[in-house]
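Read the structure below first, then the notes.
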Amino acid sequence: MSEEKSLNFIEEIIAKDLAEGKHASILTRFPPEPNGYLHIGHAKSICLNFGLANTFGGGTNLRFDDTNPVTEDTEYVESIKADVQWLGFNWVKECYASDYFDQLYSFAIQLIEKGLAYVDDSNAEEIAAQKGTPTVPGTGNAFRDRSIAENLELFTAMKEGKYEDGAKVLRAKIDLSSPNMHMRDPLLYRIKRAHHHRTGDAWCIYPMYDFAHGQSDAIENITHSICTLEFIPHRPLYEWGIEQLQLFPSKQYEFARLNMTYTVMSKRKLLQLVNEAHVSSWDDPRMPTISGMRRRGYTPESIRDFCERIGIAKRENIIDFSLLEFCVREHLNKIAQRRMVVTDPIKLVITNYDKGSEILHSENNPEDPNGGVREVPFSKELWIQKDDFMEEPTKKYFRLGPGLMVRLKSAYIIKCDSFEKDAAGNITTVHASYFPESKSGSDTSGLHVKGTLHWVSAAHAIPVVLNEYDRLFSVEDVANAEGDFKDYINPHSLTTITTAWAEPALENDPKQARFQFLRKGYFYQDVTSTSNQLVFNRTVTLKDTWAKEQKK
RNA sequence: UGCCUGAUGGUGUAACGGUAGCACAACUGUUUUUGGUGCAGUUUGUCUUGGUUCGAAUCCAGGUCAGGCAACCA
C-alpha cells in the first residue's frame with residue numbers, strides 16, 4: 001500500500017520550476033523582523049521554508065529584516081536564532097537586511113538616475129491625502145517633477161543628515177492612479193535618527209520594507225520567497241523593483257497565516273500581554289511563543305508534526321488548539337518517563353501491612369519495552385488522590401469507597417474498610433486492608449478490579465510544586481470577539497499547586513526529562529526549579545474520558 | 001461601492017472533468033495494573049443560480065459571503 005502524499009500548491013510550483021529547469025536548486029528564506037519573540041505562527045513559516053529546502057534539495061537563509069531601528073533589538077535576534085535551532089533547523093547563511101544598506105542606497109541612486117524615484121518634501125499627512133482612496137485616484141505634487149540632478153543632490157543630502165527627521169522622503173515614481181494603493185508612488189526611504197542595533201548611528205535614512213525585502217531576496221538569490229497573504233498587494237511592487245534594477249528574479253508566493261483557537265497571534269497583542277503583566281514574560285508557558293511552548297514542555301518534534309498536519313493553503317483558517325495538544329500528547333506518550341505524583345492528597349492507611357516498608361518496581365514507560373523500571377518505596381501510610389475516594393460512590397465509579405477494591409499501581413490490591421472525617425466533614429484518612437498475594441508481577445489472588453490508583457509512600461514522599469496551565473483565553477476566536485481581547489483572558493489559566501507529593505525517583509531525574517505523572521498529565525521541570533524546591537509545568541493533560549463522563 | 005484573495009463536515013486539508021478521501025474533534029464498542037495508550041467502528045461536507053459535458057467540488061458566466069489593501073511598520 002503506497003501512501004500518496006499530495007503536494008501543497010507551493011510544492012507544486014517548485015516541483016514544476018525544477019522540472020522545467022528554471023532553477024537547478026532552490027533557496028528559501030525565513031525573514032523575521034527582530035522586534036519580538038517567535039510564535040507558533042512563525043513555526044509554520046519556518047517549517048514551510050526549511051521543509052521545502054529539505055524535500056527539494058536546497059537551502060534556507062535566516063534573514064533579519066532589520067530596516068526599522070526603532071523597534072528592533074539584539075535581544076530579539078538572539079531569541080529568534082535560539083528558537084529556530086531548537087525547532088531543529090539549520091540555515092545556510094545568517095543574513096541581515098542592514099548588511100545591504102550600502103547596496104540598497106546605490107539601488108536608490110539607480111532609480112533616481114532612471115527618473116523612477118524622487119524626493120518629496122511633503123509631510124506624512126499630505127502624502128496620505130494625495131494618495132487618494134481605493135476608489136479615488138491620487139494626485140501628484142510639484143516635487144514629483146523635480147529633475148534627476150536635483151533629486152540626486154537632495155537624496156545625497158538626506159543621507160548626509162542635512163534634514164530633520166520627516167522633512168523629506170524618497171518615493172518611487174510609478175502610478176498615482178493605480179487601483180493598487182501600493183503602486184501609488186510608494187515611499188522608498190525615510191529620515192529616521194535612531195540607533196540601529198547593528199549599524200549604530202552610521203545611517204539616518206532607512207529603506208522601507210518594499211525597498212528592502214525583494215531587493216534582499218534578489219541579492220541572496222532566493223528562488224522562492226514565501227510570505228503571508230497580506231503581502232499579495234505588494235507583489236507588483238516587489239516585481240517592479242526587481243525588473244527596474246535588473247536583479248535576480250526572485251518570486252514571491254503567499255500562503256495563509258496560522259490562527260489558533262483560544263489564543264492570539266499578533267505581535268502587538270502578545271507584547272501587550274507581557275507589558276501589562278497578564279503573563280509573566282515572553283516565555284510564559286501560556287504564551288503561544290516558541291519559547292513559551294519550550295518552557296511548558298512541548299517538544300520540537302510535536303510542533304513540527306503539527307505544522308505538517310495543518311497544511312499550507314491560501315484560505316483563512318483557525319486551527320483547533322486541540323490538534324496541537326494531540327501532537328504533543330502523541331509524542332510525549334512515546335518518550336515520557338512515568339512517575340507517580342499525588343496532587344491533592346488524603347492519607348491511606350493499610351491496616352494489615354506490618355512490614356514497615358518495601359521496594360517495589362514500576363515500568364518507566366509501558367510504550368517502551370526497553371524503558372526499564374524504577375524503584376518505588378511502599379509502606380503502611382500512603383498518599384492518594386482525594387478524588388479517588390467517594391463516600392457514596394456512583395454507579396460507574398471505579399475507585400475507592402466503603403467496601404470497594406482497587407489496585408494500587410505496581411503494588412497490591414486493597415479493600416477499603418473505613419474512613420475518617422474532620423469536623424468540617426472532609427475526608428481525612430481512608431483505612432484499607434491489602435491482599436499480600438496480589439502483588440504486581442506475582443499476583444496469585446485471582447482478584448479482579450476495575451480501578452487502578454497512583455499513590456506515594458508518605459514517609460518517602462518529596463514535596464513538589466506544580467503549575468497547571470489552561471487556555472489563555474476563554475473564547476475560541478479571540479481576534480474576532482466583540483470588544484477588547486483582554487476582556488477574554490481566562491482568569492484560571494494558571495493554577496499553582498503546592499500540596500503535591502511525589503515519589504522519590506523524581507529527585508534524581510535529569511532536569512530536561514519529560515514526564516507523565518500517572519493519570520495527571522505530562523510535566524516538564526520549570527526553569528525556576530531547584531533541588532530544594534522542584535517545580536514542574538503541566539505541558540498538557542491526559543485525555544480524560546472520566547471527566548467528560550461526569551459532566552454529562 | 002475600486003483593486004486583490006478566497007469559499008469542500010464542528011476544525012483543517014486532499015481529490016487537477018470520472019467512487020468526495022485523510023487527520024483532529026465528537027460519539028460507540030473493545031483491550032488495558034494509567035478512566036492514558038492501542039484496536040474496531042459511527043456521525044457530519046462541495047456557498048448560490050444558471051451554463052458546457054455522457055459525467056462538474058473541479059471548466060464558464062452571474063450572484064452571495066468572508067478577508068486584505070489608502071503606516072515615514074514589517
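To find a chain, count down the sequence lines: A is the first, B the second, and so on, and within it residues start at 1.
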query = Any donor-acceptor pair under 3.5 Å linking the side chain of E72(A) with the backbone of N68(A)?
reply = yes
message = At 4.0 Å (heavy atoms only), tell me whether L453(A) reaches a base, stays on the sugar-phosphate, or touches nothing.
response = nothing
ask   = With sugar-phosphate meaning primed atoms plus P, OP1 and OP2, does T545(A) contact a base, only sugar-phosphate, or nothing at under 4.0 Å between heavy atoms?
value = sugar-phosphate
request  = Tell me the partner of rC54(B), counting only Watson-Crick (N1-N3 plus N6-O4 or O6-N4) or G-U wobble (N1-O2 and O6-N3) with both under 3.5 Å; none if nothing fits.
outcome  = rG18(B)
message = Applying the Watson-Crick and G-U wobble criteria at under 3.5 Å, what pairs with rG6(B)? Answer none if nothing qualifies.
response = rC65(B)
ask   = How far does the C1' atom of rG12(B) sit from the matching atom of rG45(B), given to the nearest Å?
value = 13 Å
task = Return the nucleotide paired to rU34(B): Watson-Crick means purine N1 to pyrimidine N3 with N6-O4 or O6-N4, wobble means G-U with N1-O2 and O6-N3, both under 3.5 Å.
result = none
ask   = Has the side chain of S445(A) got a donor or acceptor atom that lies under 3.5 Å from a matching backbone atom of E437(A)?
value = no
message = Need one value for R309(A): base, sugar-phosphate or nothing, where a base atom within 4.0 Å counts as base even if backbone is also close, heavy atoms only.
response = sugar-phosphate
request  = Could you give the distance separating rA14(B) and rA66(B) at their C1' atoms, to the nearest angstrom?
outcome  = 22 Å
inquiry  = Categorize F231(A) for me: base, sugar-phosphate, or nothing, with a 4.0 angstrom heavy-atom threshold over every strand shown.
reply    = base
query = If you look at every strand shown and take non-hydrogen atoms under 4.0 Å, does G138(A) touch a base, only sugar-phosphate, or nothing?
reply = nothing
ask   = Taking a pair as Watson-Crick or G-U wobble with both distances under 3.5 Å, which nucleotide is matched to rC73(B)?
value = none
ask   = Expressed as a whole number of Å, how far does the P atom of rA20(B) sit from that of rC24(B)?
value = 23 Å
message = Categorize D65(A) for me: base, sugar-phosphate, or nothing, with a 4.0 angstrom heavy-atom threshold over every strand shown.
response = sugar-phosphate
ask   = With a non-hydrogen cut-off below 4.0 angstrom, is K548(A) in contact with a base, only sugar-phosphate, or nothing?
value = sugar-phosphate
query = Can you check whether Y37(A) and H42(A) have ring centres sitting under 6.0 Å from each other?
reply = no
query = Using atom P of each nucleotide, how far apart are rU42(B) and rC22(B) to the nearest Å?
reply = 10 Å
query = What nucleic acid atoms does A128(A) come within less than 4.0 Å of, heavy atoms only: base, sugar-phosphate, or nothing?
reply = sugar-phosphate
request  = Give P366(A) one of three labels, base, sugar-phosphate or nothing, depending on what nucleic acid heavy atoms sit under 4.0 Å from its own.
outcome  = base
request  = Assign L518(A) to base, sugar-phosphate, or nothing according to its heavy-atom contacts below 4.0 angstrom with the strands shown.
outcome  = base
task = Check every strand shown and say whether S122(A) touches a base, only sugar-phosphate, or nothing at a heavy-atom separation below 4.0 Å.
result = base
query = Under a 4.0 Å N-O cut-off, is there an ion pair linking D121(A) with R146(A)?
reply = yes
ask   = Given that both distances must come in under 3.5 Å, which nucleotide forms a Watson-Crick or G-U wobble pair with rU42(B)?
value = rA26(B)
Sub-4.5 Å side-chain heavy-atom contact between L466(A) and F523(A) = yes
query = Between the main-chain N or O of K409(A) and the side-chain N or O of H454(A), is there a donor-acceptor pair closer than 3.5 Å?
reply = no
note = At a 4.0 Å cut-off to heavy atoms of chain A, the contacted part of RNA chain B spans rG2(B) to rA74(B)
query = If only atom types and distance count, is the side chain of S362(A) paired as donor or acceptor with the main-chain N or O of R374(A) below 3.5 Å?
reply = no
ask   = Checking all strands, does K192(A) fall into the base, sugar-phosphate, or nothing category for heavy-atom contacts under 4.0 angstrom?
value = sugar-phosphate
ask   = Considering only the P atoms, how many Å lie between rU43(B) and rA23(B), rounded to the nearest integer?
value = 15 Å
inquiry  = If the threshold is 4.0 Å, N to carboxylate O, is there a salt bridge linking R304(A) and E308(A)?
reply    = no
task = Could you work out the separation of rU28(B) and rC69(B) based on their P atoms and round it to a whole Å?
result = 45 Å
message = Once you apply a heavy-atom cut-off of 4.0 Å, does I413(A) come out as touching a base, just sugar-phosphate, or nothing?
response = nothing
rU53(B) to rU64(B) separation - C1' atoms, rounded to the nearest Å = 26 Å
message = If you assign each of L229(A) and T135(A) to its closest nucleotide in RNA chain B, which residue comes earlier from the 5' end?
response = T135(A)
RNA chain B: 5'-proximal contact among Q516(A) and E12(A) (nearest heavy atom) = E12(A)
ask   = Taking the C1' atom of each, how far is rA56(B) from rC39(B), in whole Å?
value = 39 Å
ask   = What about F155(A) and Y105(A), are their ring centers closer than 6.0 Å?
value = yes
task = Classify the nucleic acid contact of R399(A) as base, sugar-phosphate or nothing, counting any heavy atom under 4.0 Å across all strands shown.
result = base
